[in-house]
Amino acid sequence: MTGISRFGLACLLCLLAVAETGVAQEGAVPAKIEKFLKLCETSKRGAILNLEHELRGLRRQAPQTREASRHIANLEEQLRVLRSNERPVVPPIAFPPQVGAIGRLPRLSCHVDQVVSDDALLVRGFFPVVVTTVHRFQAQRETVVQPVRFLVRGLPTRNVDEGSDLEMLDVFEVTGQETHRSADGGSDSVLVLKPFDMKSVEPYFRKMAGQDR
């Protein structure tokens, strides 16, 4: 061969292969974020279906009251925002919570059991769970509330009071489990929640949203 040896050609081909792999990996959506965004898409579609169902019921009412008209206009605006697909519709964390799950707390709130440090709280989240019960030989579905304890890390606790109910609008990731020792000397294994950076999903959200169109 002239100009380049077989060894040099082999090295060049290896470098090209690595470069191509790097480009492919750079454009790929990380598995964790892809799973999260698919859940967001399912949450958005469910919200749209619920709003459309409520709107149909309101529009069938006659005569239309002023209050109903305002409510219809509000629902129509919510639908417009959802259909515009400007941002992910983040669902609540599913029950039972698993390490790696991303979402909001159910009801967007929790009960503060203990202020652990300047940036850590021991809280209880309350998950609505549908169960099947039998009453007079008839199976019935009902919703019960299941409390789950979390150790929330990464949020300021200066203005948080123990025993209070706290509004939580943040998106969290379940990052692991820790053994927590309470003030009375007992210990318990609790799931750890940390704020999830939604900015990290923005480029992937735009990419996946573009592919869906």
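Computed from a predicted model, the values in this text were never measured in an experiment.
The CG atom of Leu37 sits 12.0 Å away from atom OG of Ser43, with the distance rounded to the nearest 0.5 Å. Put simply, CZ on Phe36 and OH on Tyr204 are 14.0 Å apart, with the number rounded to the nearest 0.5 Å. Here the CE atom belonging to Met168 is positioned 4.0 Å from the SG atom belonging to Cys110, to the nearest 0.5 angstrom. Residue Ile102 holds its CD1 atom at 13.0 Å from CZ of Phe172, rounded to the nearest 0.5 Å. If you take CG on Leu79 and CD1 on Ile72, they are separated by 12.0 Å, rounding to the nearest 0.5 Å. Of the inter-residue distances, the one linking Leu82 atom CG with Asn50 atom CG reads 10.5 Å to the nearest 0.5 angstrom.
Ion pair Arg80/Glu77 flagged as a salt bridge, since at least one NZ, NE, NH1 or NH2 atom sits closer than 4.0 Å to an Asp/Glu carboxylate oxygen. A salt bridge between Glu41 and Lys44 is present, with a side-chain N of the basic residue lying under 4.0 Å from a carboxylate O of the acidic one. A salt bridge between Arg206 and Glu86 is absent, with no side-chain N of the basic residue lying under 4.0 Å from a carboxylate O of the acidic one. Glu54 and Arg59 are not joined by a salt bridge, as no carboxylate oxygen comes within less than 4.0 angstrom of a charged side-chain nitrogen. The pair Arg87-Glu202 does not meet the salt-bridge criterion, since no charged nitrogen lies less than 4.0 angstrom from a carboxylate oxygen. In summary, Asp188 and Arg149 engage in a salt bridge, as defined by a charged side-chain N under 4.0 Å from a carboxylate O.
Val123 and Leu193 fall within a single hydrophobic cluster, where Ile, Leu, Val, Met, Phe, Trp and Tyr side chains are chained together by heavy-atom contacts under 4.5 Å. Side-chain heavy atoms closer than 4.5 Å link hydrophobic residues (I, L, V, M, F, W, Y) into clusters, and following such links, even through other members, never connects Leu122 to Val112. Hydrophobic clustering (ILVMFWY, side-chain heavy atoms < 4.5 Å, transitive): Val89 and Val171 are in distinct clusters. Residues Leu105 and Val160 share a single hydrophobic cluster, defined by chaining ILVMFWY side chains whose heavy atoms lie under 4.5 Å apart.
When side chains are defined from C-beta on, Leu75 counts as touching Leu58, because their heavy atoms get closer than 4.5 Å. Side-chain contact between Leu155 and Pro195: present, with at least one pair of heavy atoms (C-beta onward) separated by less than 4.5 Å. In this structure, the side chains of Glu76 and Leu55 come closer than 4.5 Å at one or more pairs of heavy atoms. Taking the side chain as every heavy atom from C-beta outward, His111 and Arg124 approach each other to under 4.5 Å. Counting heavy atoms from C-beta on, the side chains of Val99 and Leu191 come closer than 4.5 Å. Looking only at side-chain heavy atoms (C-beta outward), Leu121 and Val116 stay at 4.5 Å or farther from each other. Two residues are said to be in side-chain contact when any heavy atoms from C-beta on lie closer than 4.5 Å; Arg107 and Ser109 meet this criterion.
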* Could you go through the side chain to side chain contact (heavy atoms under 4.5 Å, CB included) check for Val192 and Gln177 one step at a time? => CA-CA 5 Å; Val192 178; Gln177 283 187 310; 5.8 Å; no
* **Worked check of side chain to side chain contact (heavy atoms under 4.5 Å, CB included) between Phe126 and Val148** => CA-CA 6 Å; Phe126 299 93; Val148 177; over 6 Å; no
* Checking side chain to side chain contact (heavy atoms under 4.5 Å, CB included) for the pair Val174/Ile93: CA distance, chi angles, key distance, verdict? -> CA-CA 9 Å; Val174 183; Ile93 296 171; 4.2 Å; yes
* With side chain to side chain contact (heavy atoms under 4.5 Å, CB included) as the test, would you mind laying out the steps for Val131 and Arg141 before giving the verdict? => CA-CA 6 Å; Val131 298; Arg141 292 167 64 85; over 6 Å; no
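Using modelled atom types, one side-chain atom of Thr65 and one backbone atom of Ala68 make a donor-acceptor pair closer than 3.5 Å.
Annotation for Asp118: atom CG does not count as buried by contact number, only 12 or fewer foreign heavy atoms lying within 6.0 Å. For CZ of Arg104, the number of neighbouring non-hydrogen atoms (other residues, nucleotides, ligands) closer than 6.0 Å is greater than 12. Environment of CD in Glu67: sparse, with no more than 12 heavy atoms of neighbouring residues, nucleotides or ligands closer than 6.0 Å.
The aromatic rings of Phe150 and Phe127 sit tilted relative to each other, their planes meeting at an angle between 30° and 60°.
Minimum interatomic distance between Ser200 and Ile33 (heavy atoms only, all atoms of both residues): O-CD1, 3.9 Å.
Side chains of Thr133 and Glu142: a donor-acceptor N/O pair is present below 3.5 angstrom, by distance only.
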